[in-house]
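One-based numbering along the sequence shown. Note that ligands are numbered from 1 as they come in the structure, with each ligand's atoms numbered from 1 the same way. Everything numeric here is computed off the predicted structure, so don't read it as measured data.
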Amino acid sequence: MHLHRYEKIWLLFGVSMLVVFLIVLGVGAFAQGAQPPGQQHSGHGAQRETVNPETVESTAPFNQLGLKKIGENEYDAYMLAFAFGYGPEKMEIPLGATVHFHITSKDVVHGFEIPGTNVNMMVVPGEITQMTYKFTKAGELLVLCNEYCGIAHEMMQTRIIVK
Ligand code: CUA
């Protein structure tokens, strides 16, 4: 096949652009894949770390569930979700306390929602979901699971008492 000089130039140009495009795509995909795992899907200020769901109950800090004081009316709350409930069974939080929740699941995906607040987390086995909330109203708060997790999903709940 005989090609004119200009046709050759255009063909070469077209092929070069395709190669450049593929390289850009490849580099982009690599850059995304190379993100540290803890930084992925962290929306709404939530951060995630990992933990082995099979041994989580004997792994610090999840071997001692509940509130841990870390400052002036500031606490870490370590919690575990499971089919069908939460540990610890009941939690008392001092009024006005800032609480940093660290919660994980030992079996399937659960939810952790406190109706009437902006606390709404997805609890995934193997990941520690974290969120901070300041409890400024006294009273009893319901914690609900909002991810379908099995036969007793509707019954899965716990209570937080703020006083
Ligand atoms: Cu746990 Cu639904």
Could you pull out every donor-acceptor pair under 3.5 Å between side chains of residues 71-85 and any protein atom, sequence neighbours left out?
residue, atom, partner, partner atom, Å
Asn73, ND2, Leu95, O, 3.2
Glu74, OE2, His100, NE2, 2.6
Asp76, OD1, His102, NE2, 2.8

- For Glu127 and Glu49, run side chain to side chain contact (heavy atoms under 4.5 Å, CB included): C-alpha distance rounded to whole Å, both residues' side-chain angles, the deciding distance at 0.1 Å, then the answer. CA-CA 5 Å; Glu127 292 186 5; Glu49 289 168 30; over 6 Å; no

- Using a cut-off of 6.0 Å, state whether more than 12 heavy atoms not belonging to Lys90 lie near its atom NZ. no

- Query: Who passes side chain to side chain contact (heavy atoms under 4.5 Å, CB included) against Glu54, sequence neighbours left out?
  - Reply: Asn52

- Identify, with sequence neighbours excluded, every residue that meets side chain to side chain donor-acceptor pair (under 3.5 Å) alongside Glu140. Arg159

- Message: Quick check: do Val99 and Tyr133 have side-chain heavy atoms less than 4.5 Å from each other?
- Response: no

- Message: Restricting to under 2.8 Å, identify the protein N, O or S atoms around atom 1 (Cu) of ligand 1 as residue plus atom.
- Response: His110 ND1, Cys145 SG, Cys149 SG, Met156 SD

